[in-house]
Amino acid sequence: MAVEGRRRVPLPLPPPTRRGKQQQQQGGERARRVQAGDALPLPIRHTNLIFSALFAASLAYLMRRWREKIRTSTPLHVVGLAEILAICGLVASLIYLLSFFGIAFVQSVVSNSDDEEEEEDFLIDSRAAGPVAAQATPPPAPAPCSLLGSACAAPKKMPEEDEEIVAEVVAGKIPSYVLETRLGDCRRAAGIRREALRRTTGREIRGLPLDGFDYASILGQCCELPVGYVQLPVGVAGPLVLDGERFYVPMATTEGCLVASTNRGCKAIAESGGATSVVLQDGMTRAPVARFPSARRAAELKGFLENPANFDTLAMVFNRSSRFARLQRVKCAVAGRNLYMRFSCSTGDAMGMNMVSKGVQNVLDYLQDDFPDMDVISISGNFCSDKKSAAVNWIEGRGKSVVCEAVIKEEVVKKVLKTNVQSLVELNVIKNLAGSAVAGALGGFNAHASNIVTAIFIATGQDPAQNVESSQCITMLEAVNDGKDLHISVTMPSIEVGTVGGGTQLASQSACLDLLGVKGANRESPGSNARLLAAVVAGAVLAGELSLISAQAAGHLVQSHMKYNRSSKDMSKVAS
């Protein structure tokens, strides 16, 4: 029906212009254009099937052969005739498939360009043809209700095809999770899922926006079953003067006073000459758990893994998982007949959980030959320890272990922080050290490190759940220079961050990383961007700790929160 509505009325038209004749000639040439598939001896679908099968068979054969070589310690570069043929087949089929789909893509782009030129030529010919041709052109369609806003009384109606899909989703005939695959349009799938949710629950969820987000960017990697996105304000604290550089730190939060307080800490640090940081170690961990028939067998594997003579072999097997994964050490623990193996490795600029998991799987497959009675219970046995507060992370470290320090001048303490050095030192001992010990804290010897870590994590696309171990921090304050100045430091043994992968590739989060100068991977020095980001996190925590402890020492905490963390607006009226 839509095509019929756009068809021009067959009224008599004047003779075509010179440009119109060229248009007809070009249209005839395009109609006679030879397709790439015409040169193939077989139908295109048969050719595609043959090369796809050749690609899959060659890849499967080579993977099986390489795995056998790894197990038998045979050099990978020693190949036979069959492997040479398989490599040739793999390369040939890959070239064909890439060329085929590449040609199809180029043809589609060229076709779209030709269509645009035809439309432009038609408009020019219509103007040249005079009033008769102008009468043949239909008037533009009315604007949809969504563009008219409150001027349109009737609600926006979904297309009939989408209405049918919504009804099938509500009835359970179509699973909601297959919409993106079936429709091929992530935004449309989110809209249909959202409408199905509205009809199922009876809730309008009006305040949750749908448009204005690239849903294709999260497909298969960041979020499943999307129905919208949550808006979070992003504030900037800074400049944070750290290691001689100036950073403006993005913080996504809904807690009033947090950005302002961190900004005050940055000011105090800057006016005192800046802060310095040291990255003590950099290694992500994964700890599988395996069960043996006896504790003795578990102890035998423990001895094998921790024997320095076997490390090079284990590292060679582990490091095949990635260009950046490099095994650093293996630490084991036995509980009965269960063995927990904690692998630690460098991961470049990625946070590295997937990378280290693949390397661990390689080692487990290798060990299975010499320990056939090993029963791998899980790739993660909680000895890692991921997204849980654990002493092993506090003592051994996980991710980036960072120390950041600064000396705050006496006049800055009085003028900017509105307190004195002796009060700050006393409060830190009684609150952050003794108070946390009374509470039985594990890595929580600080004022509010988690506040700053979470805000930066959300702004820069990190995993917010890893705030649990990343916020482990001990804050130390001492009077120096005859008691006049203040030395403050934060020690954070397990900051887990990355600048590639996961949420870091989303547009907003990528922009925040770019603001810090750590967007993407550092090709000259792999891993340096992620380490710098960890140092900035520690520096921001230093600023936040300094400001909050000062507010509490001066008795300003409640007053500032009443000023900045409370709203006088009636939010129910705003939402409506």
Decide yes or no for [X] and [Y]: does some side-chain heavy atom of the first lie under 4.5 Å from some side-chain heavy atom of the second?
| X | Y | answer |
| --- | --- | --- |
| I192 | L183 | yes |
| Q509 | L513 | no |
| E306 | V330 | no |
| S294 | R337 | no |
| S217 | Q505 | no |
| S58 | I87 | no |
| M341 | V360 | no |
| D463 | M353 | no |

Could you grab the distance from atom [atom1] of [X] to atom [atom2] of [Y], nearest 0.5 Å is fine?
| X | Y | atom1 | atom2 | answer |
| --- | --- | --- | --- | --- |
| T253 | L232 | OG1 | CG | 8.0 Å |
| L533 | C512 | CG | SG | 11.0 Å |
| L548 | L258 | CG | CG | 9.5 Å |
| L477 | S489 | CG | OG | 7.5 Å |
| L94 | F51 | CG | CZ | 11.5 Å |
| N307 | N310 | CG | CG | 4.5 Å |

Name all residues meeting the side chain to side chain contact (heavy atoms under 4.5 Å, CB included) criterion together with A299; count only those two or more places apart in sequence or in a different chain, and write none if there are none. none
Name all pairs fulfilling the side-chain hydrogen bond (donor to acceptor under 3.5 Å, both in side chains) condition that reach into residues 312-336, sequence neighbours left out, sorted by first residue then second. Q328-S344
Tell me if a side-chain donor or acceptor on [X] pairs with a main-chain N or O of [Y] at a distance below 3.5 Å.
| X | Y | answer |
| --- | --- | --- |
| S380 | P288 | no |
| S547 | A543 | no |
| N467 | V453 | no |
| N428 | I549 | no |
| D349 | N522 | yes |
| N446 | I474 | no |
| R398 | T285 | yes |
| S93 | L54 | no |
| E469 | K387 | yes |
| E224 | Y177 | no |

If you look only at pairs with a residue in [range], which of them pass as a salt bridge (Lys or Arg N to Asp or Glu O under 4.0 Å), with sequence neighbours excluded?
| range | result |
| --- | --- |
| residues 276-289 | D282-K400, D282-R531 |
| residues 535-545 | none |
| residues 227-239 | none |
| residues 370-383 | R291-D375, R297-D373 |

With V402, which of V279, T491, V490, V278 fulfils side chain to side chain contact (heavy atoms under 4.5 Å, CB included)? V279
Name of the residue among M63, E68, R67 meeting side chain to side chain contact (heavy atoms under 4.5 Å, CB included) with R65: E68
For the student: nearest non-hydrogen atoms of [X] and [Y], plus distance:
| X | Y | result |
| --- | --- | --- |
| A298 | L339 | O-CD2, 3.8 Å |
| A237 | T262 | CB-CG2, 4.0 Å |
| C473 | V541 | SG-CG1, 4.3 Å |
| V497 | Q462 | CA-OE1, 3.3 Å |
| A275 | I269 | N-CG2, 3.6 Å |
| G381 | V289 | CA-CG1, 3.8 Å |

For S385 and N393, test the side chains for any donor-to-acceptor distance below 3.5 angstrom and give the result as yes or no. no
Set of residues satisfying salt bridge (Lys or Arg N to Asp or Glu O under 4.0 Å) with respect to [X], sequence neighbours excluded:
| X | answer |
| --- | --- |
| R187 | D211 |
| E478 | none |
| E245 | none |
| D243 | none |

ring-ring contact (aromatic ring centres under 6.0 Å, His included) pairs, two or more places apart, involving residues 215-264: F213-Y215, F213-Y229
By the ring-ring contact (aromatic ring centres under 6.0 Å, His included) test, which pairs, at least two apart or in different chains, include something from residues 344-386? none
Between R296 and E300, does the salt bridge (charged side-chain N to carboxylate O under 4.0 Å, His left out) criterion hold? Intermediate values first, please. CA-CA 6 Å; R296 181 179 295 276; E300 289 178 3; 5.7 Å; no
I'd like to know whether R193 forms a salt bridge (charged side-chain N to carboxylate O under 4.0 Å, His left out) with E180, so could you lay out the CA-CA distance, the side-chain angles of the two residues, the decisive distance to 0.1 Å, and finally the verdict. CA-CA 10 Å; R193 183 180 296 112; E180 281 80 3; 2.8 Å; yes
T475 vs N432, side-chain hydrogen bond (donor to acceptor under 3.5 Å, both in side chains): CA-CA, chis, key distance, verdict: CA-CA 7 Å; T475 301; N432 288 341; 4.7 Å; no
